[in-house]
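Structure record follows, encoded as structure tokens.
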Amino acid sequence: MSAFHYGSLIKQARQRLRMTQAELAACWPRDDGGVGVSLGFVQMVEAGKKSVRSERTKRGLCDLLGLEPWQLGLSDFDPQDPTWHPRGRCLLDQTLDLAEYTIQRFEAIYRRVPLPVAAADARAVHQLFAFIKEHQPPAARQEQRFLRLYAQSLIIDAVVLIGYERYEQALTCFREMRRVAEQLGEATWLAHALVGSGIEYHRAAYFQRQAHASSWSATMQEALQHLEGARDYSFQSSRSVAAYVHAYLARVYSAIGDCSRFERAIGTALRLAPSSYGDGTDFVYHPLSGILAEESFGWLELGQPEKTLALQRTISDQIQRDGNHRLEAWIRVDWARALMMCREVEGSLAEGRLFATRARELESPQMQSRARRLAEELRQRFPTVQAIKQWVEELQEENKCKKQSEEEV
């Protein structure tokens, strides 16, 4: 899905008239009343890398290419609303209201419902924006709101794709989001886009390291560059965004073994997080329990499981306050790993089984895969423990039955 920009409409109209880019450049209407621009400028406009801001130029392009004024944002006229009048709200305003409501609903339900239920809302938002982009480009006064909501819809797309383990597609969403953020020119959205991409590079590096691939170090550096870039943009945004960015930056510092920078970043995140953190301010829905979970994860990466276990009560209490049921499931992985590292086998197995149960309830392929990896980690560390062998076999059989069922469908 490419980001919305007027250049795509200009390109379509030019191609419809069988006009080359060079021919359009030669007769391009300029704001000073003249004609003609460089070929490179036309190419940049059509690619969405340059904007057409002059109304005089837009009107000239409408005449030249046979476009309607509303298509280039010159009019609030909505051709799909027969009751339109200049002082009323057009159909697109109402549509964006609905999109905003659905996005907020997704953020609220995602923490506590099975993944397919949340995915249905995400799919509805995705289809809505696809339709708007193709059939109803926003007028000038609606463009900023449209782009902000579109950026949020890309986050939702990515979250669902991650749940279904489609990580490359999720990274594509975050790259698309960065293009939208650049169109908006707003630090908040640039920070959000870079965090999303950075975390996906970190995930890729994790799998590469598990497979003993030599490329993991370069991929981890890519993750770090994205997150440090997000940190730089967060200084121009709100405390909520800065806290969110620093929490994930801490995750990558811990993954590369940089304890001092990890402590500094997670400390900054906790200090910056306002009391209302996670209420949607500046589009940050990541609750305070999420920051604490990044601290928990970080201590494990740094080989200090006792510090992870010391956070159990604090995190549990915050999860309850936040109503963050999805994290209530995920945090069991940290506790299982910490207990495993401390050689507390029974406790680790119990936490792992609780996580696997919640993974089934939430119907998340990503969580179910993580449960199988956790079970295998336990089996490798404690190969003679019969209860662990039995759990591994149970999960393998469950996964086999699931695949057979999917093939039959």
Side-chain angles (χ1 to χ4, degrees), residues 111 114-115 159 161-167 170 199-200 202-213 216 220 248 251-252 254-255 257 289-290 292-312 315-316 319 324-403:
R111 298 175 195 164
L115 181 61
V159 165
L161 288 166
I162 289 166
Y164 284 109
E165 300 182 288
R166 300 172 188 170
Y167 302 124
I199 291 303
E200 287 313 302
H202 171 261
R203 194 191 314 278
Y206 168 80
F207 286 122
Q208 289 167 359
R209 192 169 194 172
Q210 293 292 105
H212 306 288
W216 84 268
M220 190 66 81
Y248 279 115
R251 166 182 280 254
V252 176
S254 71
S289 50
L292 292 169
E294 294 306 324
E295 182 179 8
S296 169
F297 175 87
W299 290 125
L300 284 175
E301 291 293 281
L302 293 165
Q304 300 185 49
E306 68 283 352
K307 291 189 175 181
T308 291
L309 294 173
L311 286 168
Q312 277 185 290
I315 293 177
S316 293
I319 282 173
N324 198 355
H325 302 301
R326 190 167 291 271
L327 181 57
E328 185 179 21
W330 270 113
I331 200 65
R332 303 287 176 181
V333 176
D334 282 9
W335 296 343
R337 289 180 63 208
L339 290 164
M340 177 172 57
M341 292 165 73
C342 293
R343 302 192 66 80
E344 295 186 26
V345 181
E346 290 185 7
S348 180
L349 178 58
E351 293 294 349
R353 281 188 170 278
L354 281 171
F355 172 67
T357 298
R358 294 290 287 125
R360 283 192 295 273
E361 292 170 353
L362 291 169
E363 301 179 47
S364 168
Q366 180 197 22
M367 297 175 77
Q368 291 167 344
S369 291
R370 186 66 186 95
R372 290 192 295 274
R373 292 200 305 275
L374 177 61
E376 185 60 30
E377 289 170 38
L378 273 167
R379 187 191 65 78
Q380 290 180 5
R381 186 164 293 213
F382 307 106
T384 62
V385 178
Q386 187 59 38
I388 294 175
K389 290 181 181 179
Q390 181 180 345
W391 185 40
V392 170
E393 290 170 2
E394 288 173 8
L395 292 178
Q396 289 175 343
E397 182 62 26
E398 181 182 299
N399 189 47
K400 179 181 177 182
C401 292
K402 180 186 172 186
K403 286 184 176 178

4.5 Å side-chain heavy-atom contact, [X] and [Y]:
X	Y	result
Arg251	Ile199	yes
Leu349	Arg353	yes
Arg358	His325	yes
Gln366	Glu165	yes
Val252	Met220	yes
Glu398	Arg372	no

Audit row: Val345, Ile388, side chain to side chain contact (heavy atoms under 4.5 Å, CB included) steps and yes/no = CA-CA 9 Å; Val345 181; Ile388 294 175; 3.8 Å; yes
Ignoring hydrogens, what is the shortest heavy-atom contact between [X] and [Y]? Give both atom names and the distance.
X	Y	value
Leu302	Ser254	CD2-O, 3.8 Å
Ala375	Leu395	CB-CD1, 3.7 Å
Gly290	Leu327	N-CD2, 3.9 Å
Ile162	Ala170	CG1-CB, 3.7 Å
Ala356	Trp391	CB-CZ2, 4.0 Å
Pro383	Lys389	O-CE, 2.9 Å

Compute whether any side-chain donor of one residue and acceptor of the other, for Glu394 and Gln390, lie under 3.5 angstrom apart.
->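 Looking only at side-chain atoms, Gln390 and Glu394 do form a donor-acceptor pair, the distance falling under 3.5 Å.
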Can you tell me how far [atom2] of [Y] sits from [atom1] of [X], rounded to the nearest 0.5 angstrom?
X	Y	atom1	atom2	value
Leu300	Leu309	CG	CG	8.0 Å
Leu362	Arg326	CG	CZ	5.0 Å
Arg111	Glu328	CZ	CD	13.5 Å
Ile315	Ile331	CD1	CD1	4.0 Å
His202	Tyr206	NE2	OH	9.5 Å

Charged tip of Arg370 within 45° of Phe355 ring normal and under 6.0 Å |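 Ring-cation test returns no.
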Determine, stepwise, if the pair Arg343 / Phe382 fulfils side chain to side chain contact (heavy atoms under 4.5 Å, CB included).
-> CA-CA 9 Å; Arg343 302 192 66 80; Phe382 307 106; 3.7 Å; yes
Lys400 with Glu393: basic N within carboxylate O range, under 4.0 Å |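 No salt bridge links Lys400 with Glu393.
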Is any NZ, NE, NH1 or NH2 atom of the basic residue among Arg373 and Glu376 found under 4.0 Å from an Asp or Glu carboxylate oxygen of the other?
->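 No, this pair does not count.
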Can you list every side chain to side chain donor-acceptor pair (under 3.5 Å) pair that touches residues 330-339, not counting sequence neighbours?
->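 Every side chain to side chain donor-acceptor pair (under 3.5 Å) pair that includes a residue of residues 330-339, provided the two are not neighbours, is Ser296-Asp334, Glu301-Arg337, Arg332-Glu351.
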Ser348 (side chain) donor-acceptor with Glu344 (main chain) under 3.5 angstrom | no
Partner of Gln368 by side chain to side chain donor-acceptor pair (under 3.5 Å), out of Lys402, Arg360, Glu363 | Lys402
Check the surroundings of atom CD in Gln380: do more than 12 heavy atoms from other residues, nucleotides or ligands lie under 6.0 Å from it?
-> yes
